[in-house]
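Notes follow the structure.
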Amino acid sequence: MASSSSNYHYPALAAITGIALAASGYALSSSTSTDTRRRRRRIKSRILRERDGRYIMGLTNTGNSCFINSVLQALATVTSLRSYLAERVDERGDEIERIEFTRNDAVLESVAYALYTTIEMLNRPLAKPRTMTPTDIVHALERKTNGKVNRDQQDAQELFQVISHALTSEEEVQYRDEPSSLLDAGAVRKMAIDNDPNFDHFETSSVSSMGTTGSMWSCFSVSTAGGYLRTRPRRPKSPFTGLTATKISCMKCGYTAPIRHSTFDNISLTIPQTLSCTLESCIDTYTKVDVLTDFRCRKCMLMATLDSLMEELAKVSASSESMLSEEDKQELKGKIQVIKDAMKYNVEAPLPGIPLTTPRTTSCTTKQTMFANPPKSLCFHLSRSVYHPSGIIQKNHCNVRFPEYLDLAPYTTNGFLNTSDPAASLSTPPPSQTSLSQSRISRTSLVYLRNMAAGHRFVHGRDGLNVALVNKDDDLVHNALPSMTTPTVRTIPYRLTAVIVHYGNHDSGHFITYRRKKLPTGQDVRRAPGQEDPAPKKPTTFWRCSDELIEEVDLDTVLSSEAYMLFYERDV
């Protein structure tokens with residue numbers, strides 16, 4: 001009898017233990033989250049307090065290393081990158097001289113730490129000219145890639161990709177989930193199940209159909225499902241990582257393949273072979289709807305395969321001397337049914353054992369790529385290589401006019417994905433104001449808002465949908481809720497932070513960087529629209545960094561340069 005009583009109270013004891021662990025886990029998670037936010041604020045505050053001196057650090061050219069120096073000077077201006085690296089290597093967000101590491105030596109040998117220390121040195125205000133040799137970041141990259149940094153190729157964009165890839169791969173290892181503790185949710189649940197075979201019923205049943213014990217276990221299981229009791233460090237995200245969305249549609253059958261998303265850290269733009277163009281026109285070319293003639297539509301291939309199998313089945317059925325057995329005929333019919341089901345339910349479903357037939361006529365397809373999740377820091381690579389049929393590669397000297405402020409909203413998906421018209425853009429606003437309201441506001445919410453606009457409160461059970469919808473006067477709702485009729489167009493503003501320029505031809509030359517200076521206090525404050533500035537602002541100035549030589553230039557000089565790489569940062 002005592003044993004039975006013990007078994008009866010064990011689930012309750014386990015549930016109470018689980019609740020206590022969940023509460024402690026929540027407290028630890030909340031504390032960790034608070035510490036993370038405080039550390040991020042300290043890092044951001046430290047960066048914003050910085051001001052330039054008369055000089056900044058130059059970088060020594062050790063022999064064909066100008067491409068390294070130019071990339072490092074450009075990265076030093078990206079505030080979000082500095083915050084990201086500080087979160088990765090600095091436990092407290094304090095000054096670099098007072099960093100106290102509690103981790104192993106892998107952090108000190110990482111590319112993140114070497115890049116962090118290098119760009120922090122490049123951001124120190126100096127009273128007189130000084131130079132340094134960026135050996136730490138070069139050695140860290142060589143350890144990471146198990147090779148030497150190729151100084152003969154001298155390509156700044158390739159070096160940027162190597163650094164970005166190294167940071168991302170180190171991030172994966174640094175924030176990898178640790179094995180679960182023996183005292184996590186799974187362990188407590190396993191102990192309870194081992195002592196009571198019927199205890200698993202408590203977790204899957206509804207709370208209303210159980211007693212107090214079941215309710216407690218239900219709360220515990222929801223709070224700790226999957227072992228979330230252990231503290232998980234917040235994983236910072238590289239500011240250069242963004243997301244694009246690609247749509248491929250068939251002009252023949254109208255089928256649109258599933259929207260595919262892919263990550264990027266920089267965007268290579270094709271430069272036209274003209275005297276001049278704008279950066280916006282290059283982005284237009286990157287995001288426009290293209291027509292492809294070499295892409296095979298999945299649905300067209302299914303239809304061609306179905307026609308081929310149907311013809312084969314008709315020939316077999318009409319011929320009295322067919323060599324196929326009845327079993328082979330049934331297998332053929334089964335394949336036909338599988339293809340019909342795929343066309344009806346899931347065109348992209350795998351079809352093992354059924355080779356697809358290529359259509360006799362090639363269908364045209366459209367393809368478009370747009371930004372789905374723009375990054376904090378946007379890097380453009382202006383591809384200036386021109387490949388001639390003779391095999392000669394030349395440099396395109398087209399003058400690309402780029403702005404100081406860039407709005408990426410026209411090239412970004414806005415929540416309305418068009419999958420019906422193959423020739424239309426991937427993301428366009430709805431054709432009418434009515435469809436906008438219907439697509440964003442449910443019918444129940446619309447009923448509630450109409451009653452509120454009419455002056456009385458909607459009460460469930462008293463006011464039905466039909467009663468509320470009999471009022472045809474929609475002006476009250478439209479006037480009271482202008483956001484329902486006018487779509488909100490949000491800008492995605494970016495501000496220029498650095499420009500990498502290449503002098504010379506395709507095979508040789510020299511890289512320099514224009515990097516934005518830190519503005520004096522108050523210059524970054526934005527005024528309300530329509531409010532005039534009582535005093536004109538000082539001209540925006542940049543540093544021109546050519547290895548050891550550092551000099552100040554104005555904005556017009558930067559905007560008139562022949563850019564090779566452009567760095568923009570979200571201006572919020």
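The basis for the numbers below is simple: all heavy atoms, side chains too, and nothing from hydrogens, waters or symmetry mates. Remember, predicted model here, so these are calculated numbers, not experimental data.
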### Task
Working to the nearest 0.5 Å, report the span between CZ of Phe542 and CG of Leu559.
7.0 Å
### Task
Before accepting this row, confirm whether a basic side-chain N of the pair Glu170/Arg88 lies closer than 4.0 Å to the acidic partner's carboxylate O.
yes
### Message
Can you tell whether the side chains of Glu562 and Lys395 come within less than 4.0 Å, N to carboxylate O?
### Response
yes
### Task
Taking all non-hydrogen atoms of both residues into account, name the closest pair between Leu496 and Leu566 and its distance.
CD1-CD2, 4.4 Å
### Task
Could you point out which residue of Thr131, Asp547, Thr133 forms a side chain to side chain donor-acceptor pair (under 3.5 Å) with Asn61?
Asp547
### Message
Contact between Thr413 and Phe371 at the side-chain level, heavy atoms closer than 4.5 Å - yes or no?
### Response
no
### Message
So does Met57 get a backbone contact from the side chain of Gln73, meaning a donor-acceptor N/O pair under 3.5 Å?
### Response
yes
### Query
Side chain of Ser110, backbone of Tyr113: donor and acceptor closer than 3.5 Å?
yes
### Pairing of Arg544 and Glu551 as salt bridge, 4.0 angstrom limit
yes
### Query
Which class fits the ring pair His502 and Tyr564: parallel under 30°, tilted 30 to 60°, perpendicular over 60°?
tilted
### Task
Please name the pair of heavy atoms, one in Ala140 and one in Val111, separated by the smallest distance, quoted to 0.1 Å.
O-CG2, 3.7 Å
### Check: Thr513 side chain, Ser70 main-chain N or O, donor-acceptor pair, under 3.5 Å
yes
### Query
Is there a donor-acceptor contact under 3.5 Å from the side chain of Gln368 to the main chain of Lys247?
no
### Task
Let me see the working for Thr270 and Ser383 under side-chain hydrogen bond (donor to acceptor under 3.5 Å, both in side chains), right down to the final yes or no.
CA-CA 5 Å; Thr270 302; Ser383 180; 5.9 Å; no
